[in-house]
Structures are given as C-alpha cells and as structure tokens.
Protein chains: 2
Amino acid sequence: MTSSHRESPTGPAETPDGADVDYWSFVDYFAKNAGRNMPWLDTDAAEFFMTLHRAFELIVYDIRGELDQRMSSAALRALLVLTTVGPSTLLRVAELTGMSRAAASALLKRLESDGLVSRQPSADDGRSIVVAATPEGKVACDEAYRDYNAREAFWHDRLDPEEAETMKRALSRLAASVSEIRRRS
Amino acid sequence: MTSSHRESPTGPAETPDGADVDYWSFVDYFAKNAGRNMPWLDTDAAEFFMTLHRAFELIVYDIRGELDQRMSSAALRALLVLTTVGPSTLLRVAELTGMSRAAASALLKRLESDGLVSRQPSADDGRSIVVAATPEGKVACDEAYRDYNAREAFWHDRLDPEEAETMKRALSRLAASVSEIRRRS
DNA sequence: GCCATATAGTCAACACATTGACTAAACTTG
DNA sequence: CAAGTTTAGTCAATGTGTTGACTATATGGC
C-alpha cells in the first residue's frame, strides 16, 4: 500500500486513482470513493459486507489449501455430515450440506466410486437411498479434516476470544433471523 | 427445532441423533458431537468457521436475491470496479474482482454483448484491452446495486455498531495477515 | 382399493469458473 | 537490434453447480 508515485506535487492525492489498489485494499478504496458516484449508498453496510466477503474469501481459500488434491470441499462437507449424524438418506445429506439434490446425487455417486461412501436402497422407503461413510471414507475424512481443522485453528488463534465470540453471536443471530424471515415469505 | 418425538423415556436425549437438525442447526450439532469421533478436533475453531461459513452463506444468498435475474454477482462486481476506479485493463478487472483472467475475459465479453461495457485495444500496450462501463452499464449497475445495497443495509442495521466494528476489524487483520503470509511463501 | 398429489432420486441442459496451452506483444540484456 | 523471457488476453478441456423435466414410489381422501 505504499503509494510510491502518482502523487500530486502538493502531497498525496486525496482521491487516489486506484493505481495501487489490489483485491483486498479495494474494499477501502471503494468505501472512500463509491459514495461520490452513488449518493444513495449506505457506505457502512457496503464496506461491512465487502470486508466480510473478501476477507472470508481470502481466509477460506487459505484453509481450503490444506485439502489440496485430496478431496473437494463439498466432499469433505458430505463426509463430515455422514460421520457425525451417521448413515442418512441422500436428501438429508443435501439438506445438511446445503446443496441441491442433484448436486448431492452426483457427488455421492463420485464418492461411492472412490469407495468413500456406500449407497443402499432404504428398507423404509423405496424411493430413498441410504448413504453411509465406509471405513475408508472415515479414514479419508479424518485425515483431510485433521489438516483442514489445524489450519482453521491457526487462524482462529489469531483472534481474541472475545472477538471470536462476538462474531459468532452476531452472525448466529442474523442467520436465525434469515431462516425466520424466509419462513414468513 | 421442536424435538417432537424420538426422546428417550427419561427425557430429551443428551446426544440427539440428528433427526431434527437442519442446515443451520447442524453447526451446533456438529460442535457438540464431532469431538467424540475426532478427539484431535479444535472444536472452537471448527465451530467458529462453520458458523461464519453457513451464516454468511445464508445472508449473502438473501442479499443476492435482490439481483434476481438482472445480472450475476460477478457482473455486479466487475461493474462496481469499473464505475469506481474508472476504465481499466482486463487484467486489472480480474485482479480487483478476484477472478481469473479467463473468467474476466469471458464475463467482459458477455457484458460487452449486453452493451454494458466497451472494450478498446489499449493505446499504451498492444497486448491490453481497456474496458469501461458504458452509460447503460452505469445505469444497470446503479439500479441493481441500489437494491442490493438496501438489502445489505437491512442486515447491517440488525447489528450493534460495536459488533460490526469488531467484525470488520478482526477480519481485516486476518485478511492483511493472509496477504503477508502468502507473500512470504 | 383408487386416484390425485407429493416426494426421492436422476438426468439433461445450461451456466460459470479453473487450469494450462497458446498467440501476440512487450521488455531486457547482451 | 536479435534472442530469450515475461506478460495480456483467449481458447479448450474439465469440473461442478443449478434448474426443471421425468420416473418410481408413497400418501391421503374418498
């Protein structure tokens, strides 16, 4: 963020032309300048969500790097669901991971062919198939998630416990509110 | 979250079997139960990032709904970059929006055919093309972002100013740290 | 029991994004 | 200035997601 050149003779420009801006510092640049073009803008809200979005993207990208070529993050999510709630129908996996039925269908088929999950027709409901993590699936999940979680811990440790608590509380409140508001509409 | 049936005769189960869990409440369920299978787990870190991830996904999905069929969120990002920093090379758009050059190339071509941006060969550098938002592009961006930002404000207003400030500060610190750590490796 | 309706999973069509190879235009360094 | 290297943009291949149509099975009212 050293603004090297491109300063007016009278000192640093008040409205930099964005030459030194990068992905992350664009948040700041936008917050300072966007109000000029868009007087209706709620700058605080825009800056808040842009910060959330970009910071989160950077951090999650870093954490995801731990998975490397082992498995996709969607696969990890599915396996974590299966290992914590136990064997579940495809629909349930879709709901708990947040993906569509079609995506879950495709993913679980891939995971089956990799030997990480088993798919059995349900005894209770002829339409359902019950998916379960195989022993190999459990091992793969364990190994991948171990490194993934270690990297989560690496970042989490860089927050004050109080900061982390505040963030969790605030986001939980909003998330609960989303579900509630959605339910009404 | 009413746990209707499936309670042991002696009262609510201490370790629910997950029958009533949904996408959001899975965070809680996971935090309470995953440690059993994975004793090495940093539960706080896992819960923190799962909360962040899922809450953010829910909220962003809601906000994105304001764009509806008007434009993709990638298109909005690109147009916001172009309208705030002004005409830029394709590479610069890619950097500031966080997409790959190939993705930017495809997106900007689409936007050009929709009449929202113009693409001119650069006078300075024969390899570059300079992209600018057209008047129609500025209008489309303005209209779409107005509603988008209103929805951002809707959620932002549901946070204490102090909570929002804490979150911004904490995430900014981590994001800066990501760039720094990445630069070293 | 039968028929209308809803639900679980799959499939096909489409929408993007990523990676890596490729082309053309810059630089760089003797 | 010529040869090698880097850089900007594009293209093709691939991966993975969504939506909506479709099939087979359940369910509920009569």
Side-chain angles (χ1 to χ4, degrees), chain A residues 19 22-23 53 57-58 60-62 64-65 67-79 81-82 87-114 116-132, chain B residues 19 22-23 53 57 60-61 64-65 67-79 81-82 87-114 116-132:
Chain A
D22 67 8
Y23 177 70
H53 202 269
E57 207 152 85
L58 286 170
V60 163
Y61 184 83
D62 175 272
R64 202 163 283 173
L67 288 181
D68 237 356
Q69 307 306 347
R70 286 191 277 202
M71 61 176 69
S72 69
S73 58
L76 178 60
R77 262 156 86 126
L79 285 170
V81 162
L82 290 174
S88 316
T89 64
L90 184 150
L91 180 62
R92 192 127 186 72
V93 173
E95 286 169 352
L96 295 187
T97 58
M99 47 183 133
S100 64
R101 285 175 298 150
S105 176
L107 170 62
L108 291 172
K109 210 163 277 188
R110 268 177 266 144
L111 291 181
E112 185 189 35
S113 75
D114 292 345
L116 302 182
V117 307
S118 65
R119 291 159 70 245
Q120 302 283 335
S122 164
D124 301 346
D125 186 330
R127 297 166 301 177
S128 298
I129 66 174
V130 176
V131 185
Chain B
D22 65 10
Y23 177 69
H53 202 269
E57 206 152 86
V60 163
Y61 184 83
R64 202 164 283 174
L67 289 181
D68 238 357
Q69 307 306 348
R70 287 193 277 203
M71 62 176 70
S72 68
S73 58
L76 178 60
R77 262 156 86 127
L79 285 170
V81 162
L82 290 174
S88 316
T89 63
L90 185 150
L91 181 62
R92 193 129 185 69
V93 173
E95 286 170 352
L96 295 187
T97 57
M99 45 183 135
S100 65
R101 285 174 300 152
S105 176
L107 170 62
L108 292 172
K109 210 164 277 187
R110 266 177 267 144
L111 291 181
E112 184 189 35
S113 76
D114 292 345
L116 302 182
V117 307
S118 64
R119 291 159 70 245
Q120 304 282 337
S122 165
D124 302 345
D125 186 331
R127 296 166 300 178
S128 297
I129 67 174
V130 176
V131 185

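Everything quoted here is computed from the prediction, not taken from an experiment. Keep in mind that the numbers below use all heavy atoms, side chains included, and drop hydrogens, waters and symmetry copies.
Each of B:Arg101 and B:Leu107 was assigned the nucleotide of DNA chain C with the nearest heavy atom; the assignment lying further toward the 5' end belongs to B:Leu107. Where A:Ala104 and B:Thr89 meet DNA chain D, the nucleotide closest to each residue was compared, and B:Thr89 sits on the side nearer the 5' end. Heavy-atom distances to DNA chain D give each of B:Leu91 and A:Ser72 a nearest nucleotide, and the one nearer the 5′ end belongs to B:Leu91.
D:dT18 atom P lies 18 Å from atom CG of B:Leu67, rounded to whole Å. Straight-line distance from the CE atom of A:Met99 to the P atom of C:dG9: 13 Å, rounded to whole Å. Rounded to an integer number of Å, the gap from B:Gln69 CD to D:dT18 C1' is 12 Å. Across the protein-nucleic acid pair, B:Leu96 atom CG and D:dA8 atom C1' stand 15 Å apart, rounded to whole Å. One interatomic measurement links the two molecules: CG of B:Leu108 to C1' of D:dC11, which rounds to 16 Å at whole-angstrom precision. The CZ atom of B:Arg64 sits 15 Å away from the P atom of D:dG17 (whole-angstrom rounding). Distance, A:Leu90 CG to C:dT7 P: 16 Å, rounded to whole Å. Distance CG (B:Asp68) to P (D:dT18): 17 Å, rounded to an integer number of Å.
Of the possible donor and acceptor atoms, one in the side chain of B:Arg77 sits under 3.5 Å from a partner among the backbone N and O of B:Thr97.
Proximity of A:Ser100 to the phosphate of D:dG17: no side-chain N or O atom is located under 4.0 Å from OP1 or OP2. For C:dT7, neither phosphate oxygen OP1 nor OP2 lies less than 4.0 angstrom from any side-chain nitrogen or oxygen of A:Arg92. Close to C:dG9, at under 4.0 Å from its OP1 or OP2, lies no side-chain N or O of A:Ser105. Between B:Lys109 and D:dC11 there is a side-chain polar atom (N or O) within less than 4.0 angstrom of OP1 or OP2. Remark: B:Arg77 is not in phosphate contact with C:dC16, judged by side-chain N or O atoms under 4.0 Å from OP1 or OP2.
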- prompt: For B:Val117 and B:Leu79, what are the C-alpha separation, side-chain angles and deciding distance, and is it a side-chain contact (heavy atoms from CB on, under 4.5 Å)?
  reply: CA-CA 8 Å; B:Val117 307; B:Leu79 285 170; 3.9 Å; yes
field: Evaluation steps, side-chain contact (heavy atoms from CB on, under 4.5 Å), between B:Arg101 and B:Leu91
entry: CA-CA 6 Å; B:Arg101 285 174 300 152; B:Leu91 181 62; 3.6 Å; yes
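Each of A:Val130, A:Ile129, A:Leu111 was scored for a side chain to side chain contact (heavy atoms under 4.5 Å, CB included) with A:Arg119, with one residue passing: A:Ile129.
Annotation for B:Ser88 and B:Val93: closest pair CB-CG2, 4.2 Å, computed over non-hydrogen atoms.
Ionic pairing of B:Arg92 and B:Glu95 is present here: one or more N-O contacts between side-chain nitrogen and carboxylate oxygen are shorter than 4.0 angstrom. Under a 4.0 Å N-O distance rule, the pair B:Arg127/B:Asp125 qualifies as a salt bridge.
Contact check of residues 116-131 of chain B against DNA chain D (heavy atom, cut-off under 4.0 Å) returns B:Arg119, B:Arg127, B:Ser128, B:Ile129.
Residue A:Ala106 is classed as having no contact, given no heavy-atom separation below 4.0 Å to the nucleic acid.
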